[in-house]
Amino acid sequence: MSARKIIHIDMDCFYAAIEMRDDPSLADKPIAVGGSPDRRGVLCTCNYEARKYGIRSAMSSAIALKKCPQLIIIHPNMSKYKSASESLHQIFHEYTDIIEPLSLDEAFLDVSNCDQHQGSATLIAQAIRNKIYQVEKITASAGVAPNKFLAKIASDWNKPNGQTVITPDQVERFVKQLPIEKIFGVGKVTAKKMHAYNIRTCLDLQRYSEAELSDFFGSFGQSLYHLCRGIDNRDVQTNRVRKSVSVEHTYDRDLPDLSACEQKLPALLEELNQRLKNHCDRIIHKQFVKIKFHNFSTTTIECISKEPDLSIYQRLLIQGHARQGSPVRLLGLGVGFDDKPPTDEVQLELGL
Ligand code: TTP
Ligand code: MG
């Protein structure tokens with residue numbers, strides 16, 4: 001069996017990046033997103049400028065302000081972050097449907113069967129990061145490796161706006177020097193215990209047998225035995241049934257008016273129909289148009305429908321465009337599926 005190709009994507013200072021994008025005057029200032037200091041708030045995150053002052057996620061806002069009095073703390077705007085996160089997933093789906101989200105800004109992608117960019121996971125990761133920047137104007141870091149454990153470590157290796165690739169033949173060398181603190185599940189307590197045995201790197205851990213590690217660390221011992229050798233067979237778990245399929249395009253130049261948008265619909269619909277060939281076992285129950293205006297505000301208009309239809313998309317576009325009537329950065333078309341997962345039951349209902 002050939003090695004798997006796993007990409008871990010993690011956005012750089014995600015909430016803060018979105019705030020800086022939407023107010024460029026913040027870009028070179030230390031900023032954080034979080035609760036206010038007089039209400040015992042804590043920080044969700046901060047930009048890299050603020051990190052120079054020792055500011056960190058989960059720090060109390062009051063302490064952060066002591067460390068950096070000029071820190072600008074912005075109240076979180078979750079709907080903006082969620083909408084950006086949806087847009088990231090849209091981009092991921094252009095390359096694979098095997099996606100495991102870990103949080104709004106982080107996901108594993110299994111691209112083993114993706115044949116774009118000659119199947120090179122390195123080029124795919126680069127393309128995904130470029131596309132994210134093109135669409136959302138925020139940067140992502142990526143790790144590329146034969147498994148989830150290494151891909152996650154790799155995405156952190158060259159942060160921000162970087163990527164690290166660990167090829168199968170580099171695994172052995174890479175893990176040897178890896179500090180045990182980098183192993184997921186090794187918290188402060190376990191690290192302290194390991195230090196007491198003079199275990200500091202994965203190479204140090206490799207000197208113990210599976211039985212010894214199980215004696216020392218209980219049920220975690222078996223995982224440790226494999227992880228310290230760079231072995232991790234966990235699948236990328238796509239836990240959700242897809243609720244929709246859509247295609248979208250961010251234009252190099254904003255589409256100035258409604259008719260410019262209308263001209264783009266046929267090509268988008270063709271692309272959507274291509275994509276739908278992989279989902280012919282699902283029942284469509286709505287179609288929708290997504291519009292992102294030049295100021296990044298996004299609107300979606302939908303209606304009940306049994307199959308994607310150009311004239312309906314035109315009508316939805318007119319409706320949605322009228323909500324703001326300004327130039328458009330991005331247009332998307334999609335269909336929503338019935339809630340029922342693609343199972344035999346559906347076929348039974350249809351009498352097939
Ligand atoms: P992270 O990916 O941990 O952090 P980040 O994206 O802000 O910065 P980095 O460049 O180091 O990846 O978390 C993603 C988002 O989740 C973050 O922007 C805010 C939110 N978050 C919290 O709300 N509370 C927390 O304690 C953490 C760690 C993150
Ligand atoms: Mg992040």
Side-chain angles (χ1 to χ4, degrees), residues 6-24 26-37 39-65 67-68 71-92 99-109 125-126 128-133 135-145 148-164 179 181-188 236 296:
I6 311 295
I7 300 176
H8 179 254
I9 300 273
D10 188 338
M11 304 305 297
D12 304 317
C13 62
F14 185 50
Y15 297 0
I18 288 174
E19 298 304 337
M20 291 190 288
R21 174 195 77 191
D22 292 348
D23 180 357
L26 298 172
D28 50 0
K29 300 186 178 117
I31 71 154
V33 174
S36 63
R39 307 176 80 182
R40 294 205 232 161
V42 293
L43 301 184
C44 301
T45 192
C46 60
N47 65 357
Y48 281 74
E49 184 60 29
R51 292 182 199 195
K52 292 183 190 161
Y53 298 84
I55 314 286
R56 295 285 176 265
S57 301
M59 185 179 270
S60 95
S61 304
I63 291 178
L65 277 174
K67 283 181 180 283
C68 175
L71 182 71
I72 299 168
I73 301 180
I74 297 161
H75 199 72
N77 186 337
M78 289 312 294
S79 64
K80 269 204 310 198
Y81 314 146
K82 280 194 185 131
S83 142
S85 178
E86 278 165 21
S87 163
L88 304 180
H89 279 260
Q90 187 68 42
I91 295 167
F92 301 158
I99 299 167
E100 179 178 338
L102 299 179
S103 65
L104 281 185
D105 87 320
E106 216 183 310
F108 287 116
L109 280 62
Q126 186 66 55
I128 289 174
R129 293 174 48 236
N130 290 345
K131 188 77 190 276
I132 290 175
Y133 190 75
V135 174
E136 287 295 325
K137 292 282 178 280
I138 50 178
T139 61
S141 296
V144 181
K148 294 206 286 191
F149 166 55
L150 294 172
K152 182 151 166 84
I153 294 170
S155 70
D156 211 33
W157 218 248
N158 256 321
K159 240 182 187 305
N161 198 15
Q163 80 179 44
T164 302
E181 287 83 357
K182 293 280 181 189
I183 302 177
F184 180 76
V186 175
K188 283 203 177 104
V236 172
F296 285 92

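All ligand and atom numbering here is 1-based and tracks the order in the structure. Keep in mind that this is a model prediction, so the values were computed, not measured. Side-chain atoms are counted along with the backbone in the values below, which use heavy atoms only and exclude waters and symmetry mates.
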For atom 1 (P) of ligand 1, grab the closest protein heavy atom and report residue, atom and distance to one decimal in Å.
Asp105 OD2, 4.1 Å

Which word best sums up how the rings of Tyr15 and Tyr81 line up, parallel for under 30°, tilted for 30 to 60°, or perpendicular for over 60°?
parallel

Do any N/O atoms on Ala16 end up under 3.5 angstrom from N/O atoms on ligand 1?
no

Can you check whether Val42's main-chain N or O pairs, donor with acceptor, with Ser60's side chain at less than 3.5 Å?
no

Which residue owns the protein heavy atom closest to atom 10 (O) of ligand 1, what's the atom, and how far is it?
Tyr48 OH, 2.6 Å

Are Ser141 and Asp10 linked by a side-chain donor-acceptor pair shorter than 3.5 Å?
no

Taking the Mg ion (ligand 2) as the reference point, name the nearest N/O/S atom of Asp105.
OD2

Select one of side chain, backbone, both or neither to describe which atoms of Lys159 lie under 4.0 Å from any atom of ligand 1, heavy atoms only.
side chain

At a 4.0 Å cut-off, with the gap strictly under it, does some heavy atom of Tyr81 reach an atom of ligand 1?
no

Under 4.0 Å to a heavy atom of Asp10 - the qualifying atoms of ligand 1, by number:
2 (O), 12 (O)

Taking non-hydrogen atoms only, is Cys44 closer than 4.0 angstrom to ligand 1 via side chain, backbone, both or neither?
both

Heavy-atom distance from atom 3 (O) of ligand 1 to the protein below 4.0 Å?
no

More than 12 heavy atoms of other groups within 6.0 Å of Phe184 CZ
no

Work out which heavy atom in Ile132 is nearest to a heavy atom in Ile138; give both atom names and the distance.
CG2-O, 3.6 Å

Validate the cation-pi geometry between Lys131 and Tyr133: distance from NZ or CZ to the six-membered ring centre under 6.0 Å, angle to the ring axis within 45°.
no

Going through the distances and angles, do Ile9 and Leu88 end up as a side-chain contact (heavy atoms from CB on, under 4.5 Å)?
CA-CA 10 Å; Ile9 300 273; Leu88 304 180; 6.0 Å; no

Among the N/O/S atoms of Asp10, the Mg ion (ligand 2) lies closest to OD1

Identify the heavy atoms of Ala140 and Arg129 that sit nearest to each other, and give their distance.
O-NE, 2.8 Å

Leu109/Val236 under side-chain contact (heavy atoms from CB on, under 4.5 Å): CA gap, chis, key distance, verdict:
CA-CA 7 Å; Leu109 280 62; Val236 172; over 6 Å; no

What atoms of ligand 1 come closer than 4.0 angstrom to any heavy atom of Asp12?
10 (O)

For ligand 1, is Met59 a contact, meaning one of its heavy atoms is under 4.0 Å away?
no

Going by the closest heavy atom to atom 26 (O) of ligand 1, which one wins out of Ser57, Ser85, Cys46?
Ser57

Mind checking whether Met11 has an N or O less than 3.5 Å away from an N or O of ligand 1?
yes

Give me the residue, atom name and distance of the protein heavy atom closest to atom 15 (C) of ligand 1.
Tyr15 CE1, 3.9 Å

Taking heavy atoms and a distance under 4.0 Å, where does Arg51 meet ligand 1: side chain, backbone, both or neither?
side chain

Between Thr45 and Cys13, is there a donor-acceptor pair closer than 3.5 Å when you use the side chain of the first and the backbone of the second?
no

Checking side chain to side chain donor-acceptor pair (under 3.5 Å) between His8 and each of Glu106, Lys148, Gln163, which is the one that passes?
Glu106

Going through the distances and angles, do Asp28 and Glu49 end up as a side-chain contact (heavy atoms from CB on, under 4.5 Å)?
CA-CA 7 Å; Asp28 50 0; Glu49 184 60 29; over 6 Å; no

Closest non-hydrogen protein atom to atom 17 (C) of ligand 1, residue and atom name please, with distance?
Thr45 CB, 3.7 Å

The Mg ion (ligand 2) to nearest N/O/S of Met11 below 2.8 Å
yes

Cys13 touching ligand 1 at heavy-atom level, < 4.0 angstrom:
yes

